[in-house]
Number of protein chains: 2
Amino acid sequence: MAVGRGLARRLAKYLRCVAALREEGLDAVSSWMLGEYTGVNPAQVRRDLAGLGIGGTRGVGYETEEVFGTLRRVLGLDRVHDVVLVGAGRLGTAVAGSELLVKRGFRVAQLFDRDPAKIGRRVGNLTVRDVRELDGGERMPEIGIIAVPSQNAQEVADRLVASGVVVIVNYTDALLHVPAGVQVHDVDPSSQLMHTLYYLTRSGEEIPA
Amino acid sequence: MAVGRGLARRLAKYLRCVAALREEGLDAVSSWMLGEYTGVNPAQVRRDLAGLGIGGTRGVGYETEEVFGTLRRVLGLDRVHDVVLVGAGRLGTAVAGSELLVKRGFRVAQLFDRDPAKIGRRVGNLTVRDVRELDGGERMPEIGIIAVPSQNAQEVADRLVASGVVVIVNYTDALLHVPAGVQVHDVDPSSQLMHTLYYLTRSGEEIPA
DNA sequence: AACTGTGAAGGGTTTCACAGCC
DNA sequence: GGCTGTGAAACCCTTCACAGTT
């Protein structure tokens, strides 16, 4: 099955949606409802679920519990994934202290910074280490988060890649250059807003979902 | 021209790339180079630029200055855009104090929180206001950023929408339900990582760009 | 030699529409 | 009546390939 990229993003949305509905006690969910909340066409929802082997009951919908469980397993969220975080400034500590990552099964296992004043300090239950120790000599998580000033982002990315990271969440506005096989997710607000403006300045037009 | 959504994202990438090359003093840039740095196929780059009316010179490439200027204009970055930020916690203040937004022409014009201990305080050159004043009675920016605890996110989103916001950058993991016409960008790290895991757990497979 | 501009092919995704089932 | 499951069509996007230009 040549898995499209859009699918993975949709699955994540379904999961968030079904997780919320599950907490509300619903034990059946329809493709229409999932579509409504996630902005996906109901037919597409059915296709996606069928593709995962999740079958529904006609006239009723899908079993909430089954959808939830299968999505978690398929997305790999039934295990804990370690994450290495670089940058112990305001943003970095906000991320490190956030419950969001923990809720989804991510654990910040390492915290680095270059500032000697920060190295050795404790943030939560982590000790800030010198970023120069991030050199590939040590077994590291596959996931890295960059929360440093933009001008140091590429250098940090290089170190992360060298130490085995294959997924980078980039909080800076630097355009990172990484080898093929390494994924970068840009999450700085200006990146998000930039391509949104494109539609804002053309207000009135339909926005593709 | 029925504008695809992928295009807007690519344009933002081209701009970041060409901005960097411009600062290095290059006055011509090829589709190959733009593609290399942004991970886009060169043919696609040429298509995109041609679609914007940017013509290149065969054998040479595109004029850096023209590409830069046109992209900025098309993306609406030649004007300053006001932003309303809700949440004055660690994350909120990190965002408010960030240079990233300013660099791209965004200005945090309003800062709200619900915590009485924070209301009235100054963050940078902003005064934290009571989130209850965010009720649509006042002319507000079209762009909002949510940096509050997840459980309050939907309520804040409702207030933002009521006050005229049409683009929301959501730092929480809540799945926001908004009227058609309002765009939500989820930037919490777990959202980004969730669909990435899908590929991580299938490591070795090709990842669609 | 280098690079643009574009017809044409290819692939994947989204949507419609409706038969089948509860 | 409500909803799933799926052929089939439409659509969009992407990529190849190459003629054309400097």
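Bear in mind that the values here come from a model prediction, so they are computed numbers and not experimental data. Order of the sequence lines sets the chain letters (A, B, ...), proteins ahead of strands, with each chain counted from 1.
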Any donor-acceptor N/O pair under 3.5 Å between C:dT4 base and B:Arg58 side chain: yes
Find every protein N or O atom lying less than 3.5 Å from an N or O atom of nucleotides 8-11 of chain D, and list the pairs.
{"from": "D:dA8", "atom 1": "N6", "to": "A:Arg47", "atom 2": "NH1", "distance (Å)": "3.2"}

Rounded to whole angstrom units, what separation is found between the CD atom of A:Gln44 and the P atom of C:dC16? 12 Å
Quick one: does any side-chain atom of B:His81 pair with a main-chain N or O of B:Gly76 as donor and acceptor, under 3.5 Å? yes
A:Leu49 CG to D:dC3 P: how many Å, rounded? 15 Å
Rounding to an integer number of Å, can you tell me how far A:Arg9 CZ sits from C:dT13 C1'? 13 Å
Nearest whole Å is fine: how far is C:dA1 P from B:Trp32 CH2? 18 Å
Taking only the side-chain nitrogens and oxygens of B:Ser31, find out if one of them lies under 4.0 Å from OP1 or OP2 of C:dC3. no
If I take atom CD1 in residue B:Ile54 and atom P in nucleotide C:dT6, what distance separates them, rounded to the nearest angstrom? 14 Å
By nearest-heavy-atom nucleotide on DNA chain D, the more 5' of A:Ala50 and B:Gly59 is A:Ala50
Could you tell me the separation between the CZ atom of A:Arg46 and the P atom of D:dG5, rounded to a whole number of Å? 8 Å
Check for a donor-acceptor pair, side chain of A:Arg72 on one end and backbone N or O of A:Leu77 on the other, with a separation under 3.5 Å. yes
Nucleotide nearest B:Tyr62 when distance is taken to its side chain, options C:dG5, C:dA17, D:dT22: C:dG5
To the nearest Å, how far apart are A:Asn41 CG and C:dA17 P? 12 Å
Test item: A:Thr70 side-chain N/O and A:Val67 main-chain N/O as donor-acceptor pair under 3.5 Å: no
Quick one: does any side-chain atom of B:Thr64 pair with a main-chain N or O of B:Ala28 as donor and acceptor, under 3.5 Å? yes
Is a side-chain donor or acceptor of A:Gln192 paired with a backbone partner of A:Asp186 at a separation under 3.5 angstrom? yes
When B:Val60 and A:Asp48 are each assigned the nearest nucleotide of DNA chain C, the 5'-most assignment goes to B:Val60
Heavy-atom donor-acceptor pair, B:Arg16 side chain to A:Asp173 backbone, under 3.5 Å: yes
So, B:Glu142 side chain and B:Val167 main chain: donor-acceptor pair closer than 3.5 Å or not? no
Figure out the CG/P separation between A:Leu11 and C:dT13, and round it to whole Å. 12 Å
